[in-house]
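Convention: sequence-line order gives letters A, B, ...; per-chain numbering from 1. Quick note: numbers below take in every heavy atom, side chains included, and nothing from hydrogens, waters or symmetry partners.
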Amino acid sequence: MDLFDTIALPPENAENLLQGLNPQQAEAVRHADGPLLILAGAGSGKTRVITHRIAWLISRGGVRPSAILAITFTNKAAAEMKSRVEELVGPESQYMWIGTFHSMMIRILRRFADRVGYERSFAIIDTDDQQKVVKNCLAELNLPEKTFAPKAVHSAISSAKNDLVGVEEYARLAGNDYRLGKIAAVYRLYQERLRKSNSMDFDDVLYESVRLFKENPDVLSEYQERFRYILVDEYQDTNHAQYQLVHLLSARHRNLCVVGDDDQSIYSFRGANIQNILDFEKDFKGCKVIKLEQNYRSTGNVLDAANAVIRCNKGRKAKKLWTSEGAGEPITFLRAENHSEEGRYIAGEISRMVTRPGSCQRYRDMAILYRLNALSRNLEAALREHGIPYRIFGGMRFYDRKEIKDVIAYLRLILIPSDDLSFDRIIQVPKRGIGETTVEQVVAIAAREGLSRLDVCARAAHYPELARPAARLQQFAEMIDRLRDKLMINDLGFAEYIEYVENESGLIQEIIDQREKSRENDPVDRIENLKELLSDAVEFENGRRQLREMAESGELAPEDRDLLTDDLFSVLSSFIERAALYSEMDEDRENQDYVRLLTIHSAKGLEFGTVFLIGAEEGLFPGYRANESEAAIEEERRLAYVAITRAKRKLYITTARSRLVFGQTQSMPVSRFVRDIPDQLIEEIGGSRLGDNRLGGYSDEGGFGYAHGRSGDLPGRVTQTPAARFAGTPSVSFPGAPAAGRPVSAAPAATSATRAAEPMDLRKGDQVRHAKFGLGRITSLEPVAGDAIVVIEFQSGETKRLMARMAKLEKI
DNA sequence: CCTGTTAATTTTTTT
DNA sequence: AATTAACAGG
């Protein structure tokens, strides 16, 4: 075809793209037109193939970068792919579309929002909000949460959307079934609510995209035409809606390349359909299939173990990973007495490996993987005791933290006064003398009058039933108005504006006050998180500026026109959108030297020299819930396969005979997956993985002799390293020291937002003047996040706790 | 209206 | 064990 019209790079340069690739990889890179399925086993150089293929299309095939669409599942994967392609083809790669399903479809949906009945400025709501809306709907329909668990109802709605089953069809399918009928009613109300507040949840983004394309042939046609080449990574994790999107978009040119590994499909619980990859050959008759089976990551033993485990699954494409590497070290299996012994052993092994004379092992090349987040807790004590720097991933995401979500809700309500969801979140935060009954009345009036809840507050005096709290409600509405005016005046930097909101809203003061009361030092310092949000805002503003400069110098996709404006309003709008789509994993700076603790799910796609897989016990892994179905066990087995194949050189698998599960000490048998690993690959410590599955937590073996390590049995010795404070209390010297709370994003706390204030040399005992409270004396000073909380006794007799910078203190 | 108490409830995760 | 929701009392 017209593939080789233009040659953008010298041919010899293009040929370089094939260098160092094995025949299958090279074939995948060179494949010209038509559907292509790449079955890429773990560690088979998948990312390399995708990036080289894109580069090949551009430099050798003369394909315009803007005609290429590459879809990944995470922002992190997208960012990595982007930078690796850029290395290969240079700056023109910026015109490619690389992103997640959601980020790309949101761009398209904003452009055509009116076609699916939304305002262009629609908001994306997160899981928390979704749950809340479901609860509200249940309450309104008088359905007891006892029989209709919000979580279950929400997940039913979510899967319906993922399967492209709309409200009407769901109701039809429910038929006369009482329960399904009620869920259908919740579904209907839920959608109504979201639409009224101009919000979409994550599932809607996909559902509405499919609808947009199906109902608007002109729109579909434009994008079909534009994307001549489409690549989808992690195809085994696509759900039905994503499958439809890919099929719709690629129907014109049929240049669809999907990459995946059915053995690594571990997201069925969120709608991923493994059948999508298994059936690709049926969907695209005559497609090219390329298997990448040579593994470049792991040693022979690790790979053999992985193969042995996954072999037990039925319903998978036949393949077998191999390596030209040697067998390497045996896998070490530990049968510990309990979790503390397990932790001590691991910590001992880590410090032994790192501190051994001449060792080139680094903390950063090690990871501890587990099935459940709860298991990470046990390890912390042991790691800290040994002075091992570590970082726990997962659990709470930064943007999911309460204090962050509160600020975001303020910002959203400022932007969109009709955002009732945000209103609900912050009307009582901080406490302002508005209680449950008042809120209920406001909600009722808003519904009756067809006004937004904020509007009702502003006009509270008009309603007799709100007579008593009217002043407070109006005050709240006025504050939001004031903040909006400030936004429109546009005289602050972006981060400065957010800081302004954090203070004016009273959120900061509220945290200070609460801290006074419970004076337990929060392990997660909420003030520090709020400061961190400011650093993020600075970074965001800078990134956006760069992007705009790039965009101005070249062609601009219609979806990106809003980049041209840089007033506070539009910067804030896109910042809020990013907050909904952004997770902490996205910002793991890889060169930091610490051990990583993560779930197996979040370890997918990563690799480590040494991997510790902990808690390999029946009931935990596979989880007790998996026993209900064969399919669930198979998914757990794939999870085990993913875990094992993360290891490059050395794999440890550890178990405890007894463990605290849900506050109860239980006796834990060895996981069936471990028993599938052949004897010759494994070295056992502390007991056999085969026998010894008797019940009863007590064992008379009395621990174990460490086969190769001494440090484990020296619990008394504490090595102090600076890194130990990664998980400990943040220590910040005031003024001007960087925050230590989140080591990964060690952006200095002195952002442009906070730089305005000079570093003050305040001390306990200093006399100060405050604009409002007058003269006073500092009775205590606690550094926090490059600022400080000061307690001041004023001459009036009052004692106040304030943020030093915001208080604008004058030293006397 | 707010705050302190008891009772109940537990995968995995991204977007 | 630990977090979180419902509930009673100031």
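Nucleic acid contact class of A:Leu206 (heavy atoms, under 4.0 Å, all strands): none. Backbone-only contact: A:Asn373 has heavy atoms under 4.0 Å from sugar-phosphate atoms and none from a base. At the heavy-atom level, A:Ile600 lies nowhere under 4.0 Å from the strands shown. When heavy atoms are screened at a 4.0 angstrom cut-off, A:Gly623 is found touching no nucleic acid atom at all. Contact annotation for A:Lys604: no contact, since no heavy-atom pair falls under 4.0 Å across all strands.
A donor-acceptor contact under 3.5 angstrom links the side-chain atoms of A:Thr127 to the base of B:dT15.
Evaluated for a side-chain contact (heavy atoms from CB on, under 4.5 Å) with A:Glu208, the options A:Asp203, A:Ile108, A:Ile106, A:Val116 yield exactly one hit, A:Val116.
A:Leu375 places its CG atom 16 Å from the P atom of C:dA1, with the value rounded to the nearest Å. For the pair A:Lys151 NZ and B:dT11 C1', the interatomic distance rounds to 8 Å; values are reported in whole Å. Atom NE2 in A:His601 sits about 8 Å away from atom C1' in B:dT11, given to the nearest Å. Rounded to whole Å, atom C1' of B:dT14 lies 11 Å from atom CG of A:Asn239. If you take CG of A:Asp126 and P of B:dT15, they are 13 Å apart, rounded to a whole angstrom. Straight-line distance from the NZ atom of A:Lys76 to the P atom of B:dT13: 15 Å, rounded to whole Å. Counting to the nearest Å, the C1' atom of B:dT15 and the CD atom of A:Glu577 are 12 Å from each other. Remark: C1' of B:dT14 and NE2 of A:His154 are 13 Å apart, rounded to the nearest angstrom.
You cannot call A:Phe269 stacked on the base of B:dT13; the centres under 5.5 Å and planes under 30° rule is not satisfied.
Take A:Tyr370 and apply the ring pair (Phe, Tyr, Trp, His ring centres under 6.0 Å) test, not counting sequence neighbours, and it matches no residue. A search for side-chain contact (heavy atoms from CB on, under 4.5 Å) contacts involving A:Thr437 returns nothing, not counting sequence neighbours. Every residue two or more places apart in sequence or in another chain that forms a ring pair (Phe, Tyr, Trp, His ring centres under 6.0 Å) with A:Phe73 is listed here: A:Phe101. By the side chain to side chain donor-acceptor pair (under 3.5 Å) test, A:Arg638 is found to be paired with A:Glu635, residues two or more places apart in sequence or in another chain being considered. Every side-chain contact (heavy atoms from CB on, under 4.5 Å) that A:Asn273 has, sequence neighbours left out, goes to A:Gln275, A:Asn276.
Of the candidate nucleotides B:dT12, B:dT15, B:dT14, B:dT15 has the atom lying nearest to any side-chain atom of A:Asn75. Distance from the side chain of A:Leu581 is smallest for B:dT15 among the nucleotides B:dT11, B:dT15, B:dT13. Distances from the side chain of A:Arg625 to the nucleotides B:dT9, B:dT11, B:dT13 place B:dT11 closest. Comparing B:dT15, B:dT12, B:dC1 by their closest approach to the side chain of A:Thr100 singles out B:dT15. You'll find that the side chain of A:Lys431 is closest to B:dT3, out of C:dT3, B:dT15, B:dT3. With B:dT13, B:dC1, B:dT15 as the candidates, the nucleotide lying closest to the side chain of A:Thr437 is B:dC1.
In terms of position on DNA chain B, the residue among A:Arg432 and A:Tyr624 whose nearest nucleotide sits closer to the 5' end is A:Arg432. Mapping A:Lys146 and A:Thr599 onto DNA chain B via the closest heavy atom, the residue that lands nearer the 5' end is A:Lys146.
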Filtered N/O pairs between nucleotides 5-10 of chain C and protein, under 3.5 Å:
none

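For the 3.5 Å distance criterion, the side chains of A:Tyr267 and A:Gln236 fail to qualify, holding no donor opposite an acceptor. A donor-acceptor contact under 3.5 angstrom links the side chains of A:Tyr190 and A:Asp201, judged on distance only.
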